[in-house]
Amino acid sequence: MEPLWRPSAEAIERTQIAQFARQAARRHGREFPDYAALHRWSVEQPEAFWSEVWDFCGVIAAKKGQTVLADGDRMPGAKWFPEARLNFAENLLRRGDRGDAFVLWDERGFQRRVSYADLASEVSRAAQALGQLGLRPGDRACAYMPNIPETGMLALAALSQGLVWSSCSPDFGAAGVLERFGQIEPKILFAADGYRWAGREYDVRERIAEIARSLPGLRRVVVVPHLRPKPDIADIPKAVLLEEWLKRHAPGEVRFVQLPFDHPVFILFTSGTTGAPKCIVHGAGGSLLQLLKTYKLHFDVRPGDRFFFYSSTNWVVWNLLLAGLAAEAAVMLYDGSPFERAGNILFDYAQAERFTHFGCSAKYIDAIEKRGLAPAETHDLSALRMILSTGSPLVPESYDFVYEKVKRDVCLSSISGGTDIMGAFADANPTLPVWRGELQCRSLGMAVEGYDEEGRPVVGKKGELVCSKPFPSMPLGFWGERGEERYRAAYFERYPGVWTHGDWCELTERGTMIIYGRSDATLNPGGVRIGTAEIYRQVEKIHEVEESVAVGQLWPPDRPTDTRIVLFVRLRPGYRLDAALEEKIRRRLRENASPRHVPARIVQVADIPRTKNGKVVELAVRAVVNGMPVANTDALANPEALELFRDLPELMT
């Protein structure tokens, strides 16, 4: 098999990762003939590597300190840069010129652009207003906001003063917001008056009022006009419009509070579909170093690049997107459905603004393929150097589609990491080839392995994705009661002292990685482990199938002794699951995967439940199929779809 894409020698030499390798080799007396050697050094000498990342990426700090890593043999418990003092937001506002910081498009097209200079001015005003409320470092600031420039500006203002930032998109109902923000007791809430989706406007002022009444610790609710210039906020407790809140403060220098490396900066939430959402606390320094490494070394983002990643504000990708400012890029924001203009809106945006980087979910790539789009024929994407995909495994056929129908000369990088680590375990790399169906490499500084059942590293075989050594962006812990205990239980119980991520993967001989899906959703019929992604990548290439979800049903239901595979399919309009289509699905799985991948039952459903980030919720479907409760359905974009899976007669025999 030949790679689908390979960078030229000249292009490799120009990359920042190549520059980094040359600098590190010179300063540490090493040789790095290839990426494998660089990665090996990065995990064998973590203190040298992360100190080099700090210097190469130009971290702005009041103090770096002499110590890079203390208690490096503890996981969790390692302490990075314990003497350092810095501010996360200061590193994002390092550029102060008239170049674009944010560009905003929505379903209607271009809306506005905000320069770095204007962004810094507005951040300074908001920081002064926060100071007048008497907030202190460590207090929580929450946002119920769409992906617009004001959200980024307010986040930077809060972070500049040491507040801990958490956000949630305005398509969440009040109950879902309170399940999250209620745990962390914010002192200030920022909220937009509404949002737009698929051509409709949704006013959320009643929800804001309910949320505000249910958060007794709030000192102020700042409402950002989005749907209308001056919304009526009389019914929202402690509310003030954004400009009214800022008007007493003139632009000036931002006073960045210098804080410890592990000062909390973000609280992110798990999906919450199988219990109350867990509140994951990330530290400022670790997040900053990981994100700078990602942008500069793995994404090769340079000052002035045009970086886009489709995201809402309740996904970790939004936090990553904001950090593009630290690489001095122009951050491209989009608010709304990605399928407007017959599915072309994001490519219209990419052409008009000359994106250098285009990020999206694997499901988005699959969706535009099924819509028959061919951007390579309809749009000028000549500026585009890298396409990034995350959220779920990118199937091999999607690689084919991108290179045939989107752009041939582009680095297509499927990456895998998560909310948990503010980064990736498997990453992009502009110096490496792209192999069909494979993630390019293990991320620098991440001691990633695939473990078998006995905890032994395996290559060329499926294993549990682990990280065997500490890394700076490990969470500080979970917020709330028994947070430390729950944190350890989530990641360190299976293999003590080793981070177990919950993905099933395979490391190849050439250093790439294949992700087979979540290990906690792994199917286990007859004791044979099967990743759900192995099934999806076959089934969803069948023309009639729009989407699918596979779960394990305990069998027999009254006294289970085994698990059988049940496959649910949502078909394209005009098709139904008849005997011929069912046999077509079974035959494809049997011939292209294995007989063990063939489901015991195939059932047609009208819809499949997913989170608001578009991820299919296998665990919630599995719970319903097995008669178990599903908590916190407000985390779902379409919770009503769960009822389609309850008490199905097809699953009784």
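Positions are given from 1 along the sequence.
Within the 4.5 Å cutoff, the side chain of Asp335 has heavy atoms near those of the His226 side chain. Side-chain contact between Leu465 and Ile515 is present, with heavy atoms from C-beta onward closer than 4.5 Å. Contact of the Glu438 side chain with the Met1 side chain is registered, since non-hydrogen atoms from C-beta on lie closer than 4.5 Å. For the pair Phe425/Leu439, no side-chain contact is recorded, criterion being any heavy-atom separation below 4.5 Å from C-beta on. Two residues are said to be in side-chain contact when any heavy atoms from C-beta on lie closer than 4.5 Å; Lys363 and Arg610 fail this criterion.
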Trace of the side-chain hydrogen bond (donor to acceptor under 3.5 Å, both in side chains) decision for Tyr144 with Arg207: CA-CA 10 Å; Tyr144 186 48; Arg207 293 187 208 167; 3.2 Å; yes
message: Run the salt bridge (Lys or Arg N to Asp or Glu O under 4.0 Å) test on Asp452 and Lys461 for me, step by step, so that the C-alpha distance in whole Å, both residues' side-chain angles and the decisive distance to 0.1 Å come before the verdict.
response: CA-CA 9 Å; Asp452 65 14; Lys461 298 179 181 178; over 6 Å; no
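For Ala350, the side-chain contact (heavy atoms from CB on, under 4.5 Å) test picks out Phe355, Phe358, Leu381, with sequence neighbours left out. With sequence neighbours excluded, the residues forming a side-chain contact (heavy atoms from CB on, under 4.5 Å) with Arg572 are Lys370, His543, Glu546, Tyr575, listed by chain and number. In this structure, the side-chain contact (heavy atoms from CB on, under 4.5 Å) partners of Arg622, at least two apart in sequence or on a different chain, are Val551, Leu619, Asn626. Scanning for side-chain contact (heavy atoms from CB on, under 4.5 Å) contacts around Pro338 gives Trp197, Tyr310, Leu346, Tyr364, with sequence neighbours left out.
With hydrogens and angles ignored, the 3.5 Å screen pairs a side-chain donor or acceptor of Ser166 with a backbone N or O of Ile267. Side-chain atoms of Thr500 never come within 3.5 Å of backbone atoms of Val466 as a donor-acceptor pair (strictly under, hydrogens ignored). When atom types are taken as modelled, the side chain of Glu544 and the backbone of Leu581 share no donor-acceptor pair closer than 3.5 angstrom.
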Side-chain donor-acceptor distances from residues 413-420 under 3.5 Å, at least two apart:
| from | atom 1 | to | atom 2 | distance (Å) |
| --- | --- | --- | --- | --- |
| Ser413 | OG | Gln440 | OE1 | 2.6 |
| Asp420 | OD2 | Tyr491 | OH | 2.6 |

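Sorted by first and then second residue, the pairs that involve residues 388-405 and meet side-chain hydrogen bond (donor to acceptor under 3.5 Å, both in side chains), not counting sequence neighbours, are Asp400-Arg436.
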